[in-house]
Protein chains: 2
Amino acid sequence: MPEPTRHRRAVWHEARCQTCSLSSLCLPLALELEDMDQFDAIIRRRTPLKKGEHLFHQGDDFTSVYAVRSGSLKQVTTEGGGNDQLTNFYLPSELVGLDAIDEPHYPGSAIALETTTVCEIPFDRLDQLSEKLPELRGQLYRSMSKELRNDRRMMRLLSRKTADQRLASFLITLSDRFRRRGYSPYSFRLSMPRADIGNYLGLAVETVSRIVSRFQSQSLVAVSGREVQILDMARLQQLAEEESPAA
Amino acid sequence: MPEPTRHRRAVWHEARCQTCSLSSLCLPLALELEDMDQFDAIIRRRTPLKKGEHLFHQGDDFTSVYAVRSGSLKQVTTEGGGNDQLTNFYLPSELVGLDAIDEPHYPGSAIALETTTVCEIPFDRLDQLSEKLPELRGQLYRSMSKELRNDRRMMRLLSRKTADQRLASFLITLSDRFRRRGYSPYSFRLSMPRADIGNYLGLAVETVSRIVSRFQSQSLVAVSGREVQILDMARLQQLAEEESPAA
DNA sequence: CGATGGATTGACGGGAGTCAACTGTCGTGG
DNA sequence: CCACGACAGTTGACTCCCGTCAATCCATCG
């Protein structure tokens with residue numbers, strides 16, 4: 001279909017993997033420059049999503065995985081009734097939609113938490129290309145494997161940790177992800193409301209709020225709205241990992 | 001190294017994918033006969049594991065993924081202290097070790113719950129072969145994607161469901177997996193002790209035991225030791241999925 | 001037959017959910 | 001410019017589910 005190509009080019013004139021600041025974290029991480037061109041060719045740029053907009057809805061036909069370029073997303077699975085489960089937050093360079101590969105439809109919705117841009121990667125093209133580029137294939141395997149391990153960590157968090165430990169772990173994990181992206185690990189902004197944090201961690205909003213207050217009174221963090229400063233990372237880590245029973 | 005080949009051949013004379021009763025569920029599911037031969041060639045058969053033996057230990061070098069042939073395994077991750085987390089049970093045709101692909105070491109131990117045989121699939125060979133066989137590659141992607149979705153279901157279970165709902169879900173999931181493998185979905189044997197069920201579901205052993213008793217008194221199931229009969233599947237399913245708050 | 005480990009049952013207490021009221025804070029429009 | 005509404009976040013009171021501790025039962029096996 002005829003599209004306003006000029007405009008798109010203007011908006012996305014530098015939206016190429018070679019110039020993308022995320023290339024060292026993202027899917028094409030291991031590719032040579034010439035291979036990266038091939039990869040680049042299958043990617044579709046999308047207009048930015050506004051806060052609250054869906055990247056895809058639960059039940060939509062699965063066609064593509066997405067790499068987050070900027071902003072952030074949450075993935076939510078709704079199962080009969082108003083009982084949602086927030087299964088993941090996605091930050092820049094992370095891949096959304098990997099859990100849909102063996103199904104015709106996305107098993108959950110992906111919703112922007114703020115203004116967010118993504119790279120769309122049609123999966124059939126990706127699969128084909130991964131035949132020619134072993135590094136790309138390996139990176140895709142690794143991405144999925146890493147997400148599996150993340151999920152296992154999450155299961156451990158949900159089944160063994162107290163509310164305090166969950167929130168401490170959450171903050172540390174976020175901090176770590178920011179650090180790896182070149183941002184401060186000690187001072188960052190939460191893009192999600194408390195309710196989403198609670199849903200993700202298996203806690204009531206009120207509990208999240210209470211613990212944030214407690215952490216502040218213990219000088220572990222300083223929080224103002226969604227701005228977070230981590231004041232005592234060491235103690236926070238200790239709290240997140242300490243055993244439940246004896247000391 | 002010189003091995004007692006004669007003996008191995010004797011034991012495994014029919015351990016080939018073409019004659020394996022699991023071929024319709026297992027990794028080579030989508031392969032043509034000739035391709036299956038190639039796949040078959042990279043597989044290493046292993047002597048059966050006895051109950052309690054490790055297939056691999058947490059921290060071992062990652063080399064292979066494993067397809068369960070018979071029996072069952074649990075995967076356990078130990079994190080400092082005696083605080084284990086049982087992250088999964090594996091039944092015949094399922095793949096163990098997919099969460100290790102992007103790490104040099106296995107992130108958890110795989111332990112046989114009963115006498116168990118597995119097919120070892122060296123991952124570098126599998127990756128190479130997946131370059132030539134798109135169906136194999138697709139199946140590998142699908143296996144990982146499916147495990148991701150399972151993990152998400154598990155996260156939902158751990159963060160939203162009551163103890164009763166967890167056990168009901170567990171029984172139903174098991175029943176379903178048995179059904180798909182051609183066994184009775186209404187009558188089966190648990191290969192794991194109560195403690196493992198509790199660990200997996202994020203419950204204390206005592207809670208598991210209490211709920212099993214309650215389910216019996218409600219005529220939902222009949223349990224004797226590890227033998228389970230599901231008496232009222234419909235009610236069990238309803239219980240597993242019903243909303244927590246209002247009706 | 002005793003020993004050992006798994007499973008069951010009971011009593012008790014605490015952590016976190018629920019309900020409810022209150023307090024910000026932002027964006028819109030009068 | 002400020003009033004208003006809507007929504008996000010906070011705080012308190014109460015309740016209850018489930019974990020912990022402890023005792024007992026039961027099976028299997030040496």
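Just so you know, these numbers come straight off a predicted model, no measurement behind them.
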Between [atom2] on [N] and [atom1] on [X], what's the gap in Å once rounded to a whole number?
{"X": "A:F215", "N": "D:dT11", "atom1": "CZ", "atom2": "C1'", "result": "17 Å"}
{"X": "A:R166", "N": "C:dG15", "atom1": "CZ", "atom2": "P", "result": "14 Å"}
{"X": "B:Q216", "N": "C:dT8", "atom1": "CD", "atom2": "C1'", "result": "11 Å"}
{"X": "B:L190", "N": "C:dG6", "atom1": "CG", "atom2": "P", "result": "15 Å"}
{"X": "A:L158", "N": "D:dC18", "atom1": "CG", "atom2": "P", "result": "15 Å"}
{"X": "A:L201", "N": "C:dG17", "atom1": "CG", "atom2": "C1'", "result": "15 Å"}
{"X": "B:I211", "N": "C:dT9", "atom1": "CD1", "atom2": "P", "result": "13 Å"}
{"X": "B:I197", "N": "C:dT8", "atom1": "CD1", "atom2": "P", "result": "9 Å"}

Inset, instruction - Determine, for A:E79 against B:R160, whether the closest basic-nitrogen to carboxylate-oxygen distance falls under 4.0 angstrom. - result: no
Legend entry - Salt-bridge present (A:E114, A:K51; N to O < 4.0 Å): no
Think [X] has a side-chain N or O under 4.0 angstrom from the OP1 or OP2 of [N]?
{"X": "B:R194", "N": "C:dT8", "value": "yes"}
{"X": "B:T207", "N": "D:dC18", "value": "no"}
{"X": "A:S213", "N": "D:dT11", "value": "yes"}

Legend entry - Minimum-distance nucleotide (side-chain atoms of B:R226 versus D:dC18, C:dA7, D:dG9): C:dA7
Inset, instruction - Answer yes or no: side-chain N or O of A:R210 and base N or O of C:dT18 forming a donor-acceptor pair under 3.5 Å. - result: yes
Inset, instruction - Classify the side chain of B:E206 versus the base of D:dC18 as yes if they form a donor-acceptor pair under 3.5 Å and no if they do not. - result: no
Legend entry - Residue whose nearest DNA chain C nucleotide is more 5′ - A:A204 or B:S209: B:S209
Inset, instruction - Give one of base, sugar-phosphate or nothing for B:G198, where a contact means two heavy atoms less than 4.0 Å apart. - result: nothing
Inset, instruction - Indicate the ring-plane relationship of A:Y66 and A:Y106, choosing parallel, tilted or perpendicular according to the 30° and 60° boundaries. - result: tilted
Inset, instruction - Could you grab the distance from atom CZ of A:R235 to atom CD of A:Q238, nearest 0.5 Å is fine? - result: 8.5 Å
Legend entry - Non-neighbouring partners of A:E206 that pass salt bridge (charged side-chain N to carboxylate O under 4.0 Å, His left out), sequence neighbours left out: none
